Amino acid sequence: MKSSIGTFQQYYFVYYPACRFAAARTGCALAAKHYNTRRRRHGAGMAEDGEENQFRNARLQKLAALKALGIDPYPYEWRRSAEAKELEARYAALPADAVTEDRVSVAGRIRAIRNSGMFIDLHDNSGKIQIFSDRKSLDEAQQALLPLLDLGDIIGVDGIVRRTRRGELTVNAKRIAVLAKALLPLPEKYHGLADLETRYRQRYLDLIMNEQSRAVLRNRSRIIATLRRLLIERGFLEVETPMLHVIPGGATAKPFVTHHNALDMELYLRIAPELHLKRLLVGGLSDKLFEINRNFRNEGISPRHNPEFTSLELYEAYVDYRAMMALTETLIAEIAREVLGATRIRYGEHEIELAGPWPHESMAGLVKRETGADFLTILADEDARAAARRLQVEVADSAGWGRALEAVFAARVEAKLIQPIHVTGFPREISPLAKADRNDPRLTERFETYINGWEVANAFSEINDPLDQQQRFEAQMAERARGDEEAQRLDADYVAALEYGMPPAGGLGIGIDRMVMLLTDSPSIRDVIAFPTMRPKG
RNA sequence: GAGCCCGUAGCUCAGCCGGUAGAGCACUUGACUUUUAAUCAAGGGGUCGCGGGUUCGAGCCCCGCCGGGCUCACCA
C-alpha cells in the first residue's frame with residue numbers, strides 16, 4: 001500500500017471469521033514423514049529405500065522395466081497438436097459413438113486409469129481428455145508399456161478423435177509415449193489434498209490436485225496483467241526501484257536487515273518504494289510512473305499479512321489526491337469487470353459492489369457517526385485521549401490528537417466498511433509524507449480506500465515542499481527518540497531531491513495481495529501467494 | 001508473544017470408559033474390451049508428530065517440545 005504512512009489501522013482488522021478451506025483441521029505429520037523419508041534416503045543407502053516407500057519402489061521397478069523396453073521415460077520433447085479444451089470445442093457437434101479420421105497429438109498428466117489401462121483421463125493445462133487404448137490397435141511394444149503407466153505420469157498420446165457411446169470425447173491411442181515417469185503417488189483423487197500445511201509447503205501438489213488453487217493463482221496473474229495494461233494505456237511508465245535500501249523509508253514498519261560483504265555495510269530490504277519513485281518524479285523520468293513489486297516487513301504473520309507482499313505504487317504529476325480516488329475506482333472496477341466479468345462480487349458472506357463512484361467520508365465524520373464523539377471539536381491531545389478511552393479504546397499516553405482519532409476509527413469503524421469507501425481527513429500526525437489539508441492544518445489530503453473492512457488503497461497529495469518535508473521527518477525523528485521504533489527515519493537525500501523541485505503530485509498505493517483475495521474470495525493471504533512464508537519443518 | 005484447536009497408512013478420515021490399529025481411495029496380484037470416483041476378488045502397507053511420565057496396559061490421561069490453523073497482542 002502506499003505504505004500507510006504512520007497509521008495503525010491495518011492491524012486492527014476484525015478478522016474475517018469463516019475459513020472455507022477444510023475447516024481448521026490440519027496435519028503435518030504425513031508431510032513430515034515424507035520429508036523424513038527423503039532425508040533418510042540421502043543419509044542411508046539405497047538398500048533401505050525399497051522398504052521405506054512401497055509406492056516409490058514399485059514405480060522405480062516400472063521405470064527400470066520401461067528402460068528395459070528401450071523407452072526413455074524422460075524424453076526431450078513431445079509435439080502437441082491440440083489441448084483438451086480446444087478439442088472439446090472443435091468436436092462439440094460430434095455425436096456419440098461417432099469416429100473421425102482426425103489424428104491429434106495431446107499431452108498431460110494421467111489422473112485416472114480405468115479398465116486396466118483401457119481408459120485414461122489425461123489432464124492438461126486446459127482440461128481433461130479421455131484416452132482409449134484398444135489392444136488391437138496397439139503394437140506389442142505399446143501394449144507392454146500400458147501396464148507400466150501410473151497415476152501422475154506425464155504422457156503424450158497420438159491418436160484418432162472419436163466420441164464414445166457414453167458421449168465422452170476420446171482419443172483412440174495409436175501411440176503413447178512416457179514423457180515423465182512419476183515416482184511418488186498423488187494424493188487421493190476424490191477428496192484431494194485438504195491439509196493446509198501440505199498445500200502451502202508443497203504448492204505443486206496443491207496445484208495438481210485443486211482446481212480452485214489453480215484458478216486463484218491464474219486469476220492473480222490476470223489481475224496483475226490487467227492492472228499493468230490499464231496503467232500503461234493511461235500513459236504510466238513502469239519502473240523498478242531498489243529492493244536493497246540504505247535507509248528503509250516510505251512507510252512505518254520494521255525492516256529485514258541484511259549485510260553486503262563487499263561494501264561491508266548493513267542494508268535493509270525495502271518496506272516501500274515510495275521515496276525512490278518520487279525521486280524519479282523529481283528527475284522528470286515521467287510525469288506518470290508506477291511500480292508493481294515486493295515489499296518486505298519484519299512483522300507478524302496472519303491470514304492477512306505475509307512478510308513479503310506485493311504492492312502497486314503510482315505517482316502522477318500535477319494532480320492531487322482527488323485524481324487518485326477516481327483512478328482507484330476505475331482500476332479496481334475495471335479489473336473486476338475484465339477478470340471476473342462483473343463488478344458485483346462475493347467475499348465470504350458479503351456481496352460487494354465495486355462499480356464506482358464510491359462514497360468518501362472523513363475519518364472524524366465516520367467516528368462521530370459511529371460513536372457520537374466529535375473529534376473535530378476536541379482540541380487538546382489530552383482531551384482526545386480521554387475521549388478515546390471513554391469509548392473503551394486503548395491509547396498510549398504519548399498519543400496525540402491524531403493517533404487517538406485513528407485508534408478510535410480502527411477499533412470502532414474499520415470493520416464495518418464493507419462496501420467500497422474512501423476515508424479522507426487523515427491526521428497529520430500519522431501522515432508524514434502527505435500534504436496538509438487545505439482547510440484544516442490538523443489533517444492531510446490523504447485517503448484510504450476500505451473494502452470488506454480492509455485497507456485496500458492509500459493515497460495522498462504528496463508533499464513537495466522540502467522545508468515542510470524536513471519538518472515532518474524531524475517530528476518523526478522526535479517520536480523515534482521517544483522510543484517509537486516505527487517512526488520514520490530522516491532521508492536527507494530525499495529532502496535534497498525535493499529541494500530541486502518536485503511537481504505537485506498525487507500518489508497511490510494498492511495492496512495487490514489483498515485485492516486478489518477480495519476478487520478471488522480467498523480467506524487467507526496464503527491462498528493468493530504461491531509460496532507463502534512458512535517456518536521450516538523441525 | 002498469549003489463548004483455543006489440530007497432528008493416526010501415500011491421501012481423505014474413523015478409532016467409544018485406557019485393553020494392544022481400522023475404512024475408503026491409492027498400491028500389489030488376478031478377473032474384466034466401452035469405462036466415467038469403473039467394477040469384482042485376494043494381498044501388502046503404521047515411529048498413532050517427537051520426547052518423557054502415570055498405569056499391569058497409552059493413539060486415548062499428564063508434562064515438555066516440534067509443526068500447522070484460528071483468535072488476540074505486537075507491528076504502518
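The chains referred to below are lettered A, B, ... by the order of the sequence lines, with proteins before strands, and numbering in each begins at 1. What you see below is based on every heavy atom in this structure, not just the backbone, and it leaves out hydrogens, waters and symmetry mates. Predicted model only: the values in this text are computed from it and were never measured.
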ask   = Taking A:Asp397 as the fixed residue, which of A:Arg385, A:Arg403, A:Arg389 is the one that meets the salt bridge (Lys or Arg N to Asp or Glu O under 4.0 Å) rule?
value =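 Option passing the salt bridge (Lys or Arg N to Asp or Glu O under 4.0 Å) with A:Asp397: A:Arg389.
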Distance between the [atom1] atoms of [N] and [M], in whole angstroms?
{"N": "B:rG64", "M": "B:rC40", "atom1": "P", "result": "49 Å"}
{"N": "B:rA41", "M": "B:rC32", "atom1": "P", "result": "16 Å"}
{"N": "B:rA58", "M": "B:rG67", "atom1": "P", "result": "28 Å"}
{"N": "B:rA37", "M": "B:rC74", "atom1": "C1'", "result": "48 Å"}
{"N": "B:rU29", "M": "B:rG45", "atom1": "C1'", "result": "15 Å"}
{"N": "B:rG44", "M": "B:rC63", "atom1": "C1'", "result": "38 Å"}

Separation of [N] [atom2] from [X] [atom1] (nearest whole Å):
{"X": "A:Asn57", "N": "B:rG44", "atom1": "CG", "atom2": "C1'", "answer": "13 Å"}
{"X": "A:Arg111", "N": "B:rA38", "atom1": "CZ", "atom2": "C1'", "answer": "16 Å"}
{"X": "A:Arg201", "N": "B:rG7", "atom1": "CZ", "atom2": "P", "answer": "17 Å"}
{"X": "A:Leu193", "N": "B:rG68", "atom1": "CG", "atom2": "P", "answer": "16 Å"}
{"X": "A:Arg297", "N": "B:rC74", "atom1": "CZ", "atom2": "C1'", "answer": "15 Å"}
{"X": "A:Ile120", "N": "B:rA37", "atom1": "CD1", "atom2": "P", "answer": "17 Å"}
{"X": "A:Glu197", "N": "B:rC11", "atom1": "CD", "atom2": "P", "answer": "12 Å"}

Does any donor atom in the side chain of [X] or [Y] lie under 3.5 Å from an acceptor atom in the other side chain?
{"X": "A:Tyr450", "Y": "A:Glu448", "result": "yes"}
{"X": "A:Gln130", "Y": "A:Thr164", "result": "no"}
{"X": "A:Tyr204", "Y": "A:Gln202", "result": "yes"}

ask   = Pick one for B:rC25: is it syn, with its angle within 90° of 0, or anti?
value =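 For B:rC25, whose glycosidic angle is more than 90° from 0, the conformation is anti.
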message = Do the side chains of A:Glu168 and A:Lys128 get close enough for a salt bridge, i.e. N-O under 4.0 angstrom?
response =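 A salt bridge is present here (some side-chain N lies under 4.0 Å from a carboxylate O).
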task = Inspect the contact between A:Glu88 and A:Lys85 and indicate whether a charged nitrogen and a carboxylate oxygen are less than 4.0 angstrom apart.
result =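 No.
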ask   = Checking side chain to side chain donor-acceptor pair (under 3.5 Å) for the pair A:Tyr494/A:Lys278: CA distance, chi angles, key distance, verdict?
value = CA-CA 9 Å; A:Tyr494 175 67; A:Lys278 285 191 281 191; 3.3 Å; yes
task = Kindly give the heavy-atom pair with the smallest separation between A:Pro432 and A:Gln488, and that separation in Å.
result =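 Reported closest heavy-atom pair: CG-NE2, 3.5 Å.
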task = Show the numbers, then the answer: is there a side chain to side chain donor-acceptor pair (under 3.5 Å) between A:Tyr268 and A:Glu266?
result = CA-CA 7 Å; A:Tyr268 302 89; A:Glu266 301 285 275; 5.8 Å; no
inquiry  = For nucleotides 23-28 of chain B, give me one character per nucleotide, 5' to 3': B if any protein heavy atom sits under 4.0 Å from the base, S if the only such contacts are to the sugar-phosphate, - if neither.
reply    = -BBBSS
task = Would you kindly check if the NZ (Lys) or CZ (Arg) of A:Arg442 is within the cone defined by 45 degrees around the ring axis of A:Phe375 and under 6.0 Å from the six-membered ring centre?
result =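 No; the conditions do not both hold, so A:Arg442 does not lie above the ring face of A:Phe375.
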List every contact pair, protein side and nucleotides 31-34 of chain B side both N or O, where the distance is under 3.5 Å.
unit_1, atom_1, unit_2, atom_2, d
B:rC32, N3, A:Ser116, OG, 2.8
B:rC32, N4, A:Ser116, OG, 2.0
B:rU33, O4, A:Arg135, NE, 3.0
B:rU33, O4, A:Arg135, NH1, 3.2
B:rU34, N3, A:Arg162, NH1, 3.4
B:rU34, N3, A:Arg162, NH2, 3.1

note = A correct dot-bracket answer for RNA chain B, with pairs being Watson-Crick or G-U at under 3.5 Å, [ ] for crossing pairs and | for inter-strand pairs, is (((((((..((((.....[..)))).(((((.......))))).....(((((..]....))))))))))))....
ask   = From the list B:rA38, B:rC70, B:rU12, which nucleotide is the closest neighbour of the side chain of A:Asp195?
value =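 Out of B:rA38, B:rC70, B:rU12, the nucleotide with an atom closest to A:Asp195's side chain is B:rU12.
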ask   = In a check of side chain to side chain donor-acceptor pair (under 3.5 Å) between A:Tyr91 and each of A:Thr100, A:Asp102, A:Thr170, which one passes?
value =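 Of the listed options, the one satisfying the test is A:Asp102.
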